[in-house]
Structures are given as C-alpha cells and as structure tokens.
Undergrad: 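Here you go, one structure.
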Amino acid sequence: MTRADFASLTRGAVVAWTRGKSEFLQTDLIEDGKPIRLEAVIFRPTGAGPFPLAVINHGSTGGGIILPTETWFSTDLANFLNDRGWIVAYPQRRGRGKSDGLYDEGYACNVDMSLGGADRALADIDAAIAALRRRQDIASAPILIGGQSRGGVLSIAYAGLHPEQVAGAVNFVGGWARESCLVASTVNHSLFERGASYPKPTIWLYGQHDTFYSIAHSRDNFAAFEKAGGRGKFLEFEAQAGQGHFVFRRPNLWSGPLDSYLKSLAAPAQR
C-alpha cells in the first residue's frame, strides 16, 4: 500500500515510481453550488483496450493517522490486476487527496451520522464510476469493485445497490465504525446487509490482530451479511500484532485466493 502527496504534480502527470497517472474526474457532484472534481490514480495495462474496469476504494484517515491530503493507492494490487487485463482506478472521495470538496464522512459513534457519512461516500464512488465510464479505454462491461477498510464495506454495499454494474466485489478488512464504538455492530451490519442483495459471490480478506476490527467482530459482520442473503467467502490471515488491518500490503497472502476468485467470475467481456 502506498500513499503519496501529489501537491507538486501537475494534472495528468505520470507518477514515475508507480506507473500510476493522477487525473481529475469531472463528476456530476455539486457542493456549495460548485462542481466537484475527484482525483483518481489510474493504472493502465498494456494493450490498446478498451479494458474492464476495477475500482479500488480507500479507507478513512484512521481518525487523523493519515492526512486527508494524502492520495491513497496500492501499486501491488494495481500490478496484480493489470497483469490480468483490468484497468485500475483509485478514486479519492471528496476532500481526500487532491479531490475537491469537504472530507465529511465523520467518526462519530452515532448510527445516523455514521450511515449518513457512508451514504456520502457511496455517492462519491458512484460519481467517480460514472465519470470513468466515459473514458474510451474503459469497456462497458461490469466492473470489479473493491477496497480497504471503509472502502471494503463500501464496495460490498455498492455491489448490492448496483448489482447489474458489478462483476465481483473484494473486501479487504472492511468496516465503517471501529469496534470500540458502541454502535459498531449496528452500523457495520447495516452497511454489509446492503450488499446482501448482490447475487454473485464476494471475497472477504481479513488479518488477525487488527487494531480496528477483531476477527470475531469481522466474522460477526460476515454472518449478518450471509443471514441477509449475501454470498461470499471469508478468509483469515495470520499477521503480526497490530498489523492485521494491513493485509493489503501483503500480496503473498492474498494473491492466490484473489486469483482464484477472479477466475471464478465470468471472464470480463471487452466491447
């Protein structure tokens, strides 16, 4: 997993050490009467295209551990998916990275405020996908959606809300409210249950010793998802103390299972 500050980079500049290209997406979002551009880091596979699209979503700032102005992406996952023919986009939601607007997803241990923040994030993801689909190098086929932490639960929820648009959903250590919040189970169950109407299998990738979500809490979220009708596979990986939230950084753990998951999906048509 990599975080980079793009303040010194011009629009559309190539990030030399990653192959990624930081661009601004012109979206239909309006905030305070102004149109919103969302930054996205895009990794393009070799070839002419058009390519099936993979959209990978970031998590929170960890309550201030990460600066909102830091742009988030993973070169490891981008390389993995590029090698399998996907063009990969890492959209930064409002107020994150170099995106316009206010970062206002919130950290309050309150059900209504938490779900309101998640709704705002889902609107940003939807707007980014709509903008990405206007690109000529992106196929009209259903997308692969995935993410880390808050991005993971948002990806499962998005799949349930837009099943016809989604070829598969990948959840890395997903959750919205951290387990120490008294309403965490209520909030996290609610969001994962939104994804239960997605008819295809999903994959959930979690690490032991996660400081945000214990394995017991995450398995309980998965059980709520399955009880609501969701389909998926929950995988648990060994991690060092305090590192379970960052299995995203360990492709040696997830590359095999994720490769098998992608092969189980219908081959993404390029048209």
Side-chain angles (χ1 to χ4, degrees), residues 1-6 9 13-23 39-47 51-62 65-67 70-93 96-97 125 128 132 143-156 167-175 202-213 218 233-240 242-265 268:
M1 183 170 67
T2 308
R3 299 194 303 271
D5 185 352
F6 287 92
L9 300 179
V14 172
V15 186
W17 62 90
T18 67
R19 299 185 301 102
K21 188 176 182 181
S22 174
E23 303 184 9
E39 182 190 15
V41 183
I42 297 174
F43 291 77
R44 195 175 185 277
T46 58
F51 306 101
L53 172 64
V55 174
I56 309 298
N57 299 293
H58 62 75
S60 73
T61 63
I65 297 172
I66 300 169
L67 293 174
E70 294 181 4
T71 298
W72 184 92
F73 57 88
S74 165
T75 306
D76 287 331
L77 184 55
N79 289 340
F80 176 89
L81 293 171
N82 280 173
D83 288 345
R84 288 155 179 79
W86 300 86
I87 186 170
V88 184
Y90 293 88
Q92 313 296 302
R93 300 190 293 277
R96 294 295 299 271
I125 293 170
L132 288 162
I143 68 169
L144 179 70
I145 193 163
Q148 155 80 1
S149 193
R150 282 189 172 183
V153 67
L154 290 170
S155 296
I156 297 295
V170 182
N171 168 21
F172 283 93
V173 298
T202 59
I203 186 168
W204 300 42
L205 307 166
Y206 283 77
Q208 298 174 356
H209 312 299
D210 186 330
T211 56
F212 290 89
Y213 311 112
S218 296
K233 185 174 184 180
F234 186 103
L235 297 177
E236 174 184 337
F237 301 108
E238 179 59 50
Q240 295 179 348
Q243 295 301 304
H245 201 63
F246 305 105
V247 294
F248 206 80
R249 298 172 178 171
R250 300 282 302 279
N252 61 305
L253 297 178
W254 51 256
S255 58
L258 185 52
D259 186 53
S260 296
Y261 174 70
L262 294 178
K263 287 177 179 176
S264 74
L265 304 176

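Basis for what follows: all heavy atoms, side chains included, without hydrogens, waters or symmetry-related copies. Numbers here are sequence positions counted from 1.
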Undergrad: Compare every heavy atom of Trp86 with every heavy atom of Ala54, then report the nearest pair and how far apart it is.
TA: N-CE3, 4.0 Å
Undergrad: When rounded to the nearest 0.5 angstrom, what distance separates CH2 in Trp72 from CD1 in Ile66?
TA: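 Taking CH2 in Trp72 and CD1 in Ile66, the distance rounds to 9.0 Å.
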Undergrad: According to side chain to side chain donor-acceptor pair (under 3.5 Å), who are the partners of Gln243, at least two apart in sequence or on a separate chain?
TA: none
Undergrad: Return the CD1 to OG distance between Ile56 and Ser74, rounded to the nearest 0.5 Å.
TA: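 Here the rounded value is 8.5 Å.
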Undergrad: Under the criterion side-chain contact (heavy atoms from CB on, under 4.5 Å), which of Phe234, Tyr261, Trp254, Phe248 is the partner of Leu205?
TA: Trp254
Undergrad: Roughly how far, to the nearest 0.5 Å, is the CG atom of Leu258 from the CG atom of Leu77?
TA: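 Interatomic distance, Leu77 CG to Leu258 CG, rounded to 0.5 Å: 6.5 Å.
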Undergrad: Would Gln240 and His209 satisfy side chain to side chain contact (heavy atoms under 4.5 Å, CB included), going step by step from the backbone distance to the final call?
TA: CA-CA 7 Å; Gln240 295 179 348; His209 312 299; over 6 Å; no
Undergrad: Where do Leu132 and Ile87 land on the side chain to side chain contact (heavy atoms under 4.5 Å, CB included) test, with the steps shown first?
TA: CA-CA 11 Å; Leu132 288 162; Ile87 186 170; over 6 Å; no
Undergrad: Within the 4.5 Å heavy-atom criterion, are Glu236 and Gln208 side-chain neighbours or not?
TA: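 Glu236 vs Gln208: side chains touch.
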Undergrad: Can you see whether Phe80 has Arg84 sitting over its ring - NZ or CZ less than 6.0 Å from the centre and within 45° of the normal?
TA: yes
Undergrad: Which atoms form the tightest heavy-atom contact between Lys233 and Leu235, and what is the distance?
TA: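 It is CE-CD2, 3.6 Å.
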Undergrad: Using the side chain to side chain donor-acceptor pair (under 3.5 Å) criterion, which residues pair with Ser149? Sequence neighbours excluded.
TA: His245
Undergrad: Give, for atom OG of Ser255 and atom CG of Asp83, the distance between the pair rounded to the nearest 0.5 Å.
TA: 11.0 Å
Undergrad: Restricting to non-hydrogen atoms, name the atom on Ser22 and the atom on Glu39 that form the minimum distance, rounded to 0.1 Å.
TA: OG-OE2, 2.7 Å
Undergrad: For Leu81 and Leu262, which heavy atoms make the closest approach, and how far apart are they?
TA: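 Looking at all heavy atoms of both residues, the closest pair is CD2-CD1, 3.8 Å.
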Undergrad: Taking atom CD of Glu238 and atom CZ of Arg250, what is their separation to the nearest 0.5 Å?
TA: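 Atom-to-atom, Glu238:CD and Arg250:CZ are 9.5 Å apart.
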Undergrad: For Arg96 versus Gly59, what's the shortest heavy-atom pair and its separation?
TA: NH1-O, 3.0 Å
Undergrad: Does Tyr213 use its side chain to pair, donor to acceptor, with the backbone of Gly244 at less than 3.5 Å?
TA: no
Undergrad: Are the side chain of Gln92 and the backbone N or O of Tyr90 linked by a donor-acceptor pair below 3.5 Å?
TA: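 Indeed, once roles are kept as given, a pair shorter than 3.5 Å links the two residues.
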Undergrad: Does Trp204 have any side chain to side chain donor-acceptor pair (under 3.5 Å) partners at least two apart in sequence or in another chain, and if so, which?
TA: Thr202
Undergrad: Please round to the nearest 0.5 Å and tell me the distance separating atom CG of Leu53 and atom CG of Leu144.
TA: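 Going from the CG atom of Leu53 to the CG atom of Leu144 covers 8.5 Å.
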Undergrad: Identify the two heavy atoms, one from Tyr206 and one from Val173, that lie closest to each other, and give their separation to 0.1 Å.
TA: CE2-CA, 3.3 Å
Undergrad: Please check if the side chain of Ser155 supplies one atom and the backbone of Gly146 the other of a donor-acceptor pair under 3.5 Å.
TA: yes
Undergrad: Which word best sums up how the rings of Phe43 and Phe73 line up, parallel for under 30°, tilted for 30 to 60°, or perpendicular for over 60°?
TA: tilted
